[in-house]
Amino acid sequence: MRHLLSTEDLDKADAIRILDTAEEMAAVSDREVKKLPVLRGRTVVNLFFEDSTRTRISFEAAAKRLSADVINFAAKGSSVSKGESLKDTAQTLEAMGADAVVIRHWASGAPARLAASDWIDAAVVNAGDGTHEHPTQALLDAFTMRRNWARINGTASAGTDLSGMKVAIVGDVLHSRVARSNLWLLRTLGADLTLVAPPTLLPVGVEQWPCSVSYDLDETLATGPHAVMMLRVQGERMNAAFFPSTREYSRRWGFDDRRLAALDAAGARETIIMHPGPMNRGLEISAAAADSPRSTVLQQVRNGVSVRMAALYLLLSGESSSAAPTQEAQR
Amino acid sequence: MTATPDSSRAYLIKGAAIGGGARTDLLVRDGVIAETGTGLAAAGATVIDADGLVALPGLVDLHTHLREPGREDAETVETGSRAAALGGFTAVHAMANSSPVADTAGVVEQVFTLGRKAGWTDVRPVGAVTVGLAGERLAELGAMADSRARVRVFSDDGMCVHDPVLMRRALEYVKAFDGVIAQHAQEPRLTDGAQMNEGAVSAVLGMTGWPAVAEESIIARDVLLAQHVDSRLHVCHVSTAGSVEIIRWAKQRGIKVTAEVTPHHLWLTDELVRSYDPVYKVNPPLRTDEDVKALRAGLADGTIDIIGTDHAPHPSEAKECEWAQAAMGMTGLETALSVVQHTMIESGLMGWDDFARVTSTAPARIGQLAGHGQPVASGSAANVTLVDPSARWTVDPHQMATMGRNSPFAGRELPGRVVATFYRGHPTVLDGRLNTPLVSEGEQH
Amino acid sequence: MNMPGAASPQSSRVVLAEADIDRALTRIAHEILEANKGSQDLVLLGIPRRGYPLARRLAAKIEAADGTAKAGEITGQLDVTMFRDDLKRQPTRAPLPTQLPASGIDNKVVVLVDDVLYSGRTIRAALDALVDLGRPRIVRLAVLVDRGHRELPIRADHVGKNLPTSSVEKVRVRLAETDSVDGAPVNEVVIEDWSA
């Protein structure tokens with residue numbers, strides 16, 4: 001791996017290698033000394049064109065636990081005319097000796113653009129681009145799902161995939177980079193995905209995606225998914241007529257107390273409720289659902305650091321990028 | 001240079017295949033094709049060996065962005081018309097979205113004069129339909145028509161005349177001087193924030209889609225309006241299969257509609273956008289393979305009348321950025337002939353005669369352009385392009401005359417090369433290189 | 001270093017056969033017990049990949065000889081990948097699990113176990129890794145083969161066999177737990193001559 005831009009380009013071996021490495025990173029986080037010397041002397045730049053404190057501190061914690069130096073660069077100017085161009089910013093970071101650039105951008109494709117350009121040599125990690133992808137979020141989601149799936153199956157999670165697992169992702173798929181990244185990764189890991197959304201919040205072309213699509217949350221919940229991921233819904237979508245009111249949205253597509261009770265009544269004891277955060281309590285998820293033992297919201301946050309450590313380690317530790325990762329130890 | 005105007009010199013073109021047909025000699029003298037035949041001789045004439053070359057009527061582009069006045073960092077009339085000459089064009093229509101907008105007689109005359117001074121090709125200004133392209137009230141179309149620039153084509157290109165009442169009035173009004181409204185068909189509400197064709201690729205890339213219906217609904221409305229008021233309508237850069245169907249239907253009903261397609265829409269698809277390289281960002285957007293096939297078929301069967309390059313140069317910083325921030329547009333003057341040869345002729349859909357029709361005869365007719373689009377025959381104005389159809393070349397934007405480096409064909413090997421361009425009897429291009437501009441009467445040094 | 005299977009050596013010869021390996025391990029097990037005066041506080045940490053099965057074999061022999069120690073309770077695995085000094089020179093390697101005995105390593109006598117001692121860099125990495133995990137009372141080193149060519153001031157406390165080698169030779173340890181030849185598990189130590 002030279003860059004981490006999209007889960008669409010991750011093959012199964014890559015994906016499992018990242019998740020397995022994240023398991024080892026998680027073990028480090030449980031130790032007294034939570035630091036590894038692997039990225040000593042390396043510089044990781046968090047280049048954020050869009051605010052996201054959660055994602056930034058997660059990457060920052062990950063880089064620091066690997067002993068990298070971290071520079072945070074908040075480039076908020078977003079209009080065409082104002083501020084520095086992406087090219088100039090990238091070249092500035094290159095001149096400062098960045099080994100990896102973790103980029104969050106409001107424009108879809110900005111990380112891919114950076115990686116494909118000759119503006120910079122550093123490894124590029126996509127930390128969320130527009131409505132395109134958010135690969136480390138999907139990896140931490142998969143890590144969380146895999147641990148729960150392994151627990152249900154009574155196996156260890158290392159080395160396993162998600163085959164047989166039924167997952168539902170619910171909400172504003174159209175604008176969700178989390179949904180897109182999960183789509184490809186869940187396909188690669190063999191899970192069975194259903195997207196549930198109002199028809200207005202599904203992209204034209206969704207019928208070609210490797211998943212099922214439903215407009216009916218209750219119907220999907222009745223099929224007994226092992227994980228239900230609720231996506232954040234932005235109130236302003238209502239003004240653009242994607243749905244008539246937040247109340248109607250919440251009634252039809254929110255994970256409310258009624259649906260939580262139905263899950264309990266159906267005996268679906270192992271079903272977990274996921275959310276990438278930040279949550280709109282009372283809109284796409286009720287407080288009771290968010291705080292229930294089914295909720296993995298905090299596990300997801302914790303796992304985020306481990307997965308990002310794994311990604312940074314695998315991107316930065318080896319010799320020149322082109323060589324394939326190998327487990328063959330040499331001494 | 002002597003006091004004798006360049007155009008009075010004589011050129012004897014030996015053995016060119018006219019429209020790809022029989023080999024003929026052409027004697028060009030005093031700005032006209034004086035004589036055709038075999039074994040011609042003319043004392044004092046410069047002889048040009050045209051063995052293996054195809055002689056075409058000089059290309060006419062109904063859709064060029066020359067950027068001057070206002071964006072001389074992107075292109076000037078001088079650089080753009082050099083590019084036109086190298087591309088085999090003897091006339092180009094400069095779109096109105098300059099700064100200031102070409103919405104008054106003053107601006108169109110300025111552009112017209114700049115074109116004359118440059119002397120590489122005829123530069124015919126297109127007048128804006130509405131003041132400042134704002135889509136609110138009509139610009140002084142009559143004043144532009146009456147000006148020295150003799151504007152006959154009016155367009156808000158870049159913007160759609162989306163108000164149906166305003167569009168109706170414009171279609172009606174230009175009948176007074178036999179003008180034509182060239183519509184940029186794009187329903188603005190359906191394309192709010194749109195970045196690329198809406199479909200399978202936009203779904204994956206997470207980019208706001210530009211539905212085909214946003215183009216087709218405007219074309220459907222406009223052909224019905226043109227029928228209602230019995231006016232001429234020209235549809236710029238048709239990009240979807242649905243648009244071709246609507247235009248075909250309208251022509252069958254006798255509606256006076258003409259349509260244009262760009263070379264890039266005849267070849268490239270939205271799959272290229274997966275690279276997020278803004279060189280592929282264009283308005284209308286690159287569509288699907290199915291659309292490309294329908295556009296080629298439509299051009300071949302005459303549903304689509306002409307090739308318009310929509311040559312849209314941009315400074316490099318407008319493309320060296322995120323996709324969403326990048327400007328829309330591609331250069332096209334210097335690749336148009338080769339791309340059309342590749343997509344239409346080498347695919348067997350058209351011959352060189354058809355090529356002459358869609359790149360010269362028809363656009364000259366739509367633009368009411370005297371002296372262009374005439375057959376390569378004695379008595380015609382000597383606007384002639386000589387092409388080597390067997391040449392192969394690799395596109396390098398840095399070697400082009402246009403200031404724009406934004407060619408989507410960069411790095412591709414293309415067939416066909418313009419060897420010479422005769423503009424009003426003067427070779428602006430010889431041996432594939434720029435020669436000298438035509439010095440017009442009263443503007444000699 | 002050569003990629004396995006990329007080419008073949010000039011020649012190769014078996015220097016330790018299955019019985020030789022077993023005898024060497026038996027001797028080392030006894031040496032460890034003797035040096036430690038019993039199995040008290042003993043922890044064997046194998047370095048992946050082949051150090052771990054060797055540690056398990058030694059632990060089994062210690063259990064058999066001593067009777068008090070339980071092999072499963074004194075054996076662990078110590079992954080040193082992320083402490084290596086050559087990470088930038090090698091293709092990226094995914095780390096392997098580190099598993100310590102439930103009793104931990106604080107105040108224990110930790111015996112690091114590896115198959116081949118060569119430059120000493122792996123052992124240096126292991127010592128660093130150990131520091132982050134706890135504070136053993138004593139750290140010792142047991143290896144099946146010491147082939148010389150040390151680049152660091154490190155020596156083994158227990159050696160199965162000293163094998164003087166040249167640097168164009170490769171020492172291959174094959175253990176039934178990790179290796180097979182033509183589908184059959186093998187236990188052998190081979191020296192390959194890779195001089196061109």
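We name chains A, B, ... by the order of the sequence lines, and we start the count at 1 in each one.
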Does R274(B) have more than 12 heavy atoms from other residues, nucleotides or ligands lying within 6.0 Å of its CZ? yes

Minimum-distance pair of heavy atoms, taken over all atoms of Y276(B) and A112(A): CD1-CB, 3.8 Å

Backbone N/O of A203(B) and side chain of R180(A): donor-acceptor pair under 3.5 Å: yes

Contacting moiety of E207(A), where chain B heavy atoms sit under 4.5 Å: neither

Checked S202(B), P211(B), P278(B), A326(B) vs chain A; the most non-hydrogen pairs under 4.5 Å come from P278(B)

Please report the closest heavy-atom contact between V204(B) and H132(A), naming both atoms and the distance. O-CD2, 3.4 Å

Answer yes or no: does atom CD of E317(B) have more than 12 heavy-atom neighbours from other residues, nucleotides or ligands under 6.0 Å? yes

Looking at M207(B), is its backbone amide N or carbonyl O close enough to the side chain of S108(A) to form a donor-acceptor pair, meaning the two atoms are under 3.5 Å apart? no

Which value, rounded to the nearest 0.5 Å, describes the distance between L174(A) atom CG and T208(B) atom OG1? 8.0 Å

Might you point out which heavy atoms bring R113(A) and C321(B) nearest each other, and give the distance in Å? NE-O, 2.7 Å

Specify the closest pair of heavy atoms between A107(A) and A324(B), including all atoms of both residues, with the distance to one decimal. CB-CB, 4.0 Å

Chain B shares the most heavy-atom pairs under 4.5 Å, among G130(A), S6(A), P203(A), G109(A), with G109(A)

With rounding to the nearest 0.5 angstrom, report the CD to OG distance, E322(B) to S85(A). 7.5 Å

Residue H105(A) versus chain B: region with a heavy atom under 4.5 Å: side chain

